[in-house]
Amino acid sequence: MSLAYNPTVARLTYRALLGRKRAMILFCLPVLLIAISVAVRALTGADDQVAADVLGGFALATMVPLIGVIAGTGAIGPEIDDGSVVYLLSKPVKRPTIIFTKLIVAIGVTMAFSAVPTFIAGMILNGNGQQVAVAYTIAALVASIAYAALFLLLGTITKHAVVFGLVYALVWETLFGSLVEGARTLSVQQWALALAEKVAGNDLVKSDVGLPAAIVLLAAVTAGATWYAGQKLRSLTLAGDD
């Protein structure tokens, strides 16, 4: 699949994602994380374990996947739902280029609204003691890539992408991915934590997935979801042409 970045598609996607309503939703979770971090720091002081608990339990387990849902599905889902994607598909732009461009935009938005607040929260909580802030920021950056690809794919295959995305983010990642041992291996959160564990190099950050396996799974899921989204968009074009 030939990939290229199209500035016009990117501009339209940014405009759609950062419109007034969606931008307000995107800002809510980062603001909440920072507010919680300020309150926790005021109550407990600089505590490395508490910082890891907040960043792992709220930032990585809840905020990052939810922002990924908003950015990933919002990059293409609304255009398919309202039929405006037909206008985009009528332009001389290759379908893989459309998907790749939208993925880059979705990744950028997810990173901006998740990794940056995670780092700020980590600095507030313990000033990056034992590399906790940096470790979880890297985890958020890596997870943003996989989440954006997964939820962009959802946006191309179902009109209920947001619902399925929320179920995945809140039930699988937040609940099963944190509590059920077998499910952790198939969790983007755990794959990202494997890199964070390597960066931190201490017992504060732990993953149930080894680093080599995590890297392979992250790459495979991102590439696979991107490829399949391109195929689905291609078939959507053919259906429209028929």
Side-chain angles (χ1 to χ4, degrees), residues 13 16-17 19 21-33 36 54-82 85 99 102-103 105-107 109-111 113-115 117-118 136 139-194 207-209 214 217-218 220-233 236:
T13 306
L17 284 179
K21 292 182 179 179
R22 192 166 278 111
M24 289 179 62
I25 298 174
L26 286 170
F27 271 110
C28 286
L29 288 170
V31 169
L32 180 59
L33 171 64
I36 290 173
V54 172
L55 296 181
F58 182 76
L60 189 62
T62 303
M63 183 185 73
V64 181
L66 286 178
I67 290 177
V69 170
I70 297 169
T73 61
I76 195 169
E79 291 177 301
I80 294 178
D81 292 344
D82 63 20
V85 71
I99 289 297
K102 286 182 174 293
L103 174 63
V105 172
I107 289 173
V109 170
T110 306
M111 285 182 171
F113 284 90
S114 61
T118 296
Y136 276 103
L141 288 170
V142 171
S144 294
I145 299 172
Y147 284 134
L150 281 172
F151 297 132
L152 179 65
L153 171 61
L154 273 180
T156 65
I157 63 179
T158 175
K159 292 183 177 181
H160 307 291
V162 174
V163 175
F164 286 115
L166 289 174
V167 169
Y168 177 86
L170 296 176
V171 178
W172 184 264
E173 288 284 5
T174 304
L175 184 60
F176 287 99
S178 300
L179 302 177
V180 181
E181 185 174 351
R184 295 174 187 171
T185 306
L186 300 177
S187 167
V188 174
Q189 175 190 342
Q190 291 297 323
W191 304 341
L193 277 173
S207 172
D208 292 319
V209 181
L217 288 168
L218 283 166
V221 166
T222 301
T226 304
W227 175 83
Y228 193 58
Q231 296 304 304
K232 293 299 293 183
L233 193 63
L236 176 65

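Counting from 1, the numbers follow the sequence of the chain as shown. All figures in this text were calculated on a predicted structure; none of them were measured in a lab.
- No side-chain heavy atom of Leu218 sits less than 4.5 Å from a side-chain heavy atom of Ile145.
- Scanning all heavy atoms of the two residues, the minimum distance from Leu32 to Phe58 falls at CD2-CZ, 3.7 Å.
- The two residues Ala214 and Val209 make their nearest non-hydrogen contact at N-CG1, 3.8 Å.
- Taking OG1 from Thr118 and CG from Leu33, the interatomic distance works out to 6.0 Å, rounded to the nearest 0.5 Å.
- Ala75 and Leu17 get closest at one heavy-atom pair: N-CD2, 3.7 Å.
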Report the C-alpha separation of Ile67 and Leu26 in whole Å, then their side-chain angles, then the decisive distance to 0.1 Å, and conclude whether the side-chain contact (heavy atoms from CB on, under 4.5 Å) test is met. CA-CA 6 Å; Ile67 290 177; Leu26 286 170; 3.9 Å; yes
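- Using a 4.5 Å heavy-atom cutoff, the side chains of Ile70 and Phe113 are not in contact.
- Under the 3.5 Å distance criterion, the side-chain polar atoms of Arg22 are left unmatched by any main-chain donor or acceptor of Gly74.
- Using a 4.5 Å heavy-atom cutoff, the side chains of Tyr228 and Leu233 are not in contact.
- Taking CG of Leu193 as the start and CG of Asp208 as the end, the distance is 9.0 Å to the nearest 0.5 Å.
- Phe151 contributes atom CZ, which lies 6.5 Å from atom CG of Leu154 (distance to the nearest 0.5 angstrom).
- For the residue pair Ala115 and Leu141, the shortest heavy atom distance occurs at CB-CD2, 3.4 Å.
- Annotation: side chain of Ser144 is in contact with side chain of Val64 (closest heavy-atom distance under 4.5 Å).
- Two residues are said to be in side-chain contact when any heavy atoms from C-beta on lie closer than 4.5 Å; Leu170 and Val167 fail this criterion.
- Here the side chains of Trp172 and Gln189 are not in contact, with every heavy-atom distance at 4.5 Å or above.
- Relative ring orientation between His160 and Phe164 is described as perpendicular, the plane-to-plane angle rising above 60° on a 0-90° scale split at 30° and 60°.
- Side-chain contact between Leu66 and Leu166: present, with at least one pair of heavy atoms (C-beta onward) separated by less than 4.5 Å.
- Listed for the Ser207 side chain is a donor-acceptor partner under 3.5 Å among the backbone atoms of Gln190.
- In this structure, CG in Leu153 is found 11.5 Å from CD in Gln231, a value given to the nearest 0.5 Å.
- Distance alone, capped at 3.5 Å, is enough to place a donor-acceptor pair between the Ser114 side chain and the Thr110 backbone.
- Atom CG of residue Leu55 and atom CE of residue Met63 lie 8.5 Å apart, to the nearest 0.5 angstrom.
- Contact between Ala146 and Val188 at its shortest, heavy atoms only, is CB-CG1, 3.9 Å.
- Closest approach of Ala139 and Ala192 over heavy atoms only: O-CB, 3.4 Å.
- Rounding to the nearest 0.5 angstrom, the gap separating the OG1 atom in Thr222 from the CG atom in Leu103 is 7.5 Å.
- Looking only at distances, no side-chain donor or acceptor of Lys232 sits under 3.5 Å from a matching main-chain atom of Thr156.
- For the pair Ile80/Ile76, a side-chain contact is recorded, criterion being any heavy-atom separation below 4.5 Å from C-beta on.
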